[in-house]
Every structure is written in C-alpha cells, then in structure tokens.
2 protein chains.
Amino acid sequence: MNVQDLVEPQDETSSGPIERIVRSLEEEIVLGRLRPRERLLEEELAKHFDAKRHVIRAALAELEALGIVVRQPNKGAAVRDFSPQEVEQIYDVRALLEGHAAEIIPLPGSPELLGRLKAIHERHSQAVDAHEPRTVFRANLEFHRVLFGACGNPYLAEQINQLASRAHAIRFHAISDEKLVNRAREEHGRMIEYLERGDREKLVEVVAAHIQPSKEAYLRLSSQWAQRFR
Amino acid sequence: MNVQDLVEPQDETSSGPIERIVRSLEEEIVLGRLRPRERLLEEELAKHFDAKRHVIRAALAELEALGIVVRQPNKGAAVRDFSPQEVEQIYDVRALLEGHAAEIIPLPGSPELLGRLKAIHERHSQAVDAHEPRTVFRANLEFHRVLFGACGNPYLAEQINQLASRAHAIRFHAISDEKLVNRAREEHGRMIEYLERGDREKLVEVVAAHIQPSKEAYLRLSSQWAQRFR
DNA sequence: GGCATCCACATTATCGACAATATTGTTGCG
DNA sequence: CGCAACAATATTGTCGATAATGTGGATGCC
C-alpha cells in the first residue's frame, strides 16, 4: 500500500487536534471575540486550548495560509484585517468562482444533495431564530461547503472555500445583523428550490446576489471607522 | 507600531529558510527528479538541505497546502500525483481564473510592466535555447507571476498562482518537451505584443490557448502508463 | 527636558532527546 | 509450505529546555 491514499475514508472536517484549534480560532474571529489586529500569543493560546506550543504554532501557520491571520518572524501572529479595497477584490473573485460553480453544477440536484442541504438549512434556520450566532456560522459554512462541493470540480470548490475563509473575518460584521442573517436564510431556501426544479438561471442569480450583503455591511462599517479619525 | 505590517518592504519571494526549501523541493518535483508518489523522508531532507527536522516539517506542511505533496499522520509525506480527471479539473479552474485576469488587466500594459516582462521573456528564451530546464522553469514561473500580478486584484493573482503550483507537478512532463517549450516561448512573446498594443481580444485568446498544451501532454503520457498495465 | 544607550522582560525560534506509531523481517507453529 | 505472532527497525510525533530576537522602560548624559 502506497503512502498516497486512494480513498479518504474519514470526513474532511475531522482530522487531528490542530484542526480543532484552527476551526475554533476561526470561529472566535468570525464571532468577533478576537478582533482584527489583535495579537495571538502562542503561550496564551496553548494554555487556553490545553495544547502544547508547537501545536498552536502549526495551527497559526495554517490560519496564516488560510489568510485570516498575519505572522511576522520573531514578532508573532495577529488577526488580519482588510482594507475596503481588499474586501472588494476578494468578493470579486468569489463572485467569479461561485458564479461559475453555479453554472456547472448538475441540475436538477440529486435527492441526496437536496436532502443534505435541507437538513443543514433547517439547522441554520433554527439557529437564526434562537439567536445562536455560533451555530448560525457553522451551519452557514456547512451549507456553502456542501452546495459548492456538488459542482463536480473539487479544485473549484476548494478555491471557493479558501476565499470564504478569508471573507470570514469580514462576514462577522454581518452575522450579528438580524436583517442580513434572515435574508441569507431566505436565499438559502431559494437556492434549494431552484436546485430542485433545475432552474439554472435563477440559481446563478441568487448565488450572485447572496454574496453582496456582507460585503456592503463591511464597507459601511469601515467607512464609519474612517470617520472617527476626522 | 502594530504587529500587522502596513507595507511589506521585502520581495514576496524572499522570506526565511523554509521558503528556500519549499521552492527547492518544488523545483525538484517539477524537473522530475522527485517523481509522483515518491516518498519524502524528513531526516533525509534535513541532511540534504542542511536544516533541522522541524524546518523540513514546516516546509512539507506548506507544500501540502500548495497541493503538490500529500501527508498522512505517522506515515509521512510523498509527492502527489494526479489522475487525468483531476488534471482536467485543475485546468478548467485555471482557464476560468486566468481568462478573467486577462479580461480585467489594464490595457495597454504600463511601460514598467512591459519592461519587466520583456526582461523575463529574454531570460526564458535564452534558457530555452541553452536547454537549461531549471532556468526555463524559473523564468516561466516569474513571467506568469508578473503578468497575472498586474491584473489589479492580488487575490485573483494569488489563486492563479496556487493553481499553477498544483499544475507544476503536471507541467514537468511538458518542460522537457522541445516543441512545447518553444510554443510557450512564442506565446509569451505574443502576450507581450498584445499587451503593448492593447488588444484585449487577442490577449484573452492566447492566454486561453496557453494553458492547454501541458494538460494534453500529461493526459497523453498518462494514457500510456495506463496501457502498461494491460 | 529631550534624547541616546543600556538593561530587563516578553515572546518567538531552535534544538536535541525521547515517545508513539508504522513497517519490515524473522521465527515458530500447524 | 503458509501463516500468524512477535521482534527489530525506520520514521514521524511530542516534549521541555535553551537561544535568539524584539519591546518597552529606566538611566544617564547633554
């Protein structure tokens, strides 16, 4: 048996302890408990996660690769923040990739896919009603992973996920906004609907529309910050 | 002064010792000195690069993130190989992204950009004539980095580079093929030309055509391999 | 009082040693 | 002779300690 796996038996989102820490930190950042530019001290995190420092180190390296943390030699890591221009650029690429995914995804969606999406959508919806931002975030993430994972091209899906990660640090501004979360929920519902009845035109349309709000929310907020310095 | 850099003074391709090792291994893989599925032992690499094991470890992690190396817990790392289907998929996404980049790159290209590209093209061309695959690879890489880096969207450029990295393990099949390298050289020249006179239509066309050959070369070779098992 | 220098502290980077795990080889039994 | 259990080796994973580096504050000079 060769080193290279022919089939990956386990779920992608399982893995070791470093993945747990990566996802946890990602959540903290998205939920705003860790703010942009905030410092991330290795020892502190090691204590918090009850892990050794080299594990934290690996997690930080991965977060850096994901683009939501910045590191400097001998100085340490910090939560990355984005300029308005960067936000625009990230969302431009997302629009391109997600639009393409929506174009090539097999229609109508398989019963299995639709079932999974509906289940996730249900959890998401309940979390929205219950005002549980953590669960909202997780379900939302999963919804998009499953949806775009179904496009048939894992590499396209992967790039989409990567950009989504980068956008997370942005998205947190939107996740606490009642109106936006509700809109997202409603759009998810429509995606499932169009997927089910094979309406590609509408699907592409709603996918394109879906990524705009949080971008605008971030830009709005960021212009407010700018004003504080006047 | 905050941890987060406002401006990155140094060249992106500089960095520490781990980057040196990453690029070096990448080259070895592309040039075929390290073959797909070949095992990468930490200690061996440590000796070869005169580095400590934890540095090698970090480099392997990065190569894994780049998608050209596969790792399994307690088993080690190996050069990744791609199935024909995966090659198709990677090139599909590349076509999408590079096509988009060609659509949005400001035309005509700035004199500074054209100057840089011409210089790189010159080096590339000489390396082709001199049959120096290592230099060909480096110059080719740089050409594409500079070209797509000029599209104005660093995130798009980054995604393109990432996919290019993945394709490297594929590209090595083409880099030793005289005809293909010459064709690439000629196409680079045309890109500069269209960039210079602001002909977007032609530019997009040649960019699209440019990424096909090495894909086909890989698929051709890979079907030969398959026959050996009959 | 302003400024340069040095020192103490905080934090990250490096290292070598050891532990855990997988792989290969060997032995002995049926 | 085949196969299973065990032993030996190879390789990666983990750990604690120490070195290197950067940061801020105190000191002393002008």
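We name chains A, B, ... by the order of the sequence lines, and we start the count at 1 in each one.
- Following rounding to the nearest Å, A:E43 (CD) and D:dA17 (C1') show an atom-to-atom distance of 12 Å.
- The distance between atom CD1 of A:I56 and atom C1' of D:dT14, rounded to the nearest whole Å, is 14 Å.
- Whole-Å rounding puts the B:L41 CG to C:dT21 P distance at 20 Å.
- The residue among B:L40 and A:V55 whose nearest nucleotide of DNA chain D is located toward the 5' end is B:L40.
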Under 3.5 Å, sequence neighbours excluded: what are the donor-acceptor pairs made by side chains of residues 59-66 of chain B?
none

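- At a non-hydrogen distance threshold of 4.0 Å, B:R53 from residues 44-54 of chain B come into contact with DNA chain D.
- At a threshold of 4.0 Å, the pair A:E28-A:R134 counts as salt-bridged, since one of the basic side-chain nitrogens sits closer than that to a carboxylate oxygen.
- Every ring pair (Phe, Tyr, Trp, His ring centres under 6.0 Å) that A:H188 has, sequence neighbours left out, goes to A:H124, A:F143, A:H144, A:H210.
- Contact annotation for B:I18: no contact, since no heavy-atom pair falls under 4.0 Å across all strands.
- The stretch residues 114-123 of chain B participates, sequence neighbours left out, in these salt bridge (charged side-chain N to carboxylate O under 4.0 Å, His left out) pairs: B:K118-B:E196, B:R123-B:E142.
- At the phosphate of C:dT23, OP1 or OP2 sits under 4.0 Å from a side-chain N or O atom of B:K75.
- Annotation: side-chain contact (heavy atoms from CB on, under 4.5 Å) contacts of B:A157 (sequence neighbours excluded): none.
- Rounded to whole Å, the distance from CZ on A:R71 to P on C:dT12 is 9 Å.
- Within the 4.0 angstrom heavy-atom criterion, no nucleotide atom of any strand lies near A:L60.
- If you check D:dG22, D:dT11, C:dT12 against the side chain of A:E42, the one that comes closest is C:dT12.
- In this view, B:Q85 and B:S83, B:Q89 satisfy the side-chain contact (heavy atoms from CB on, under 4.5 Å) rule, not counting sequence neighbours.
- Ion pair B:E44/B:R39 not flagged as a salt bridge, since none of the NZ, NE, NH1 or NH2 atoms sits closer than 4.0 Å to an Asp/Glu carboxylate oxygen.
- Straight-line distance from the CG atom of A:N74 to the C1' atom of C:dA10: 12 Å, rounded to whole Å.
- The phosphate of C:dA13 (OP1 or OP2) has a side-chain N or O of A:R57 nearer than 4.0 angstrom.
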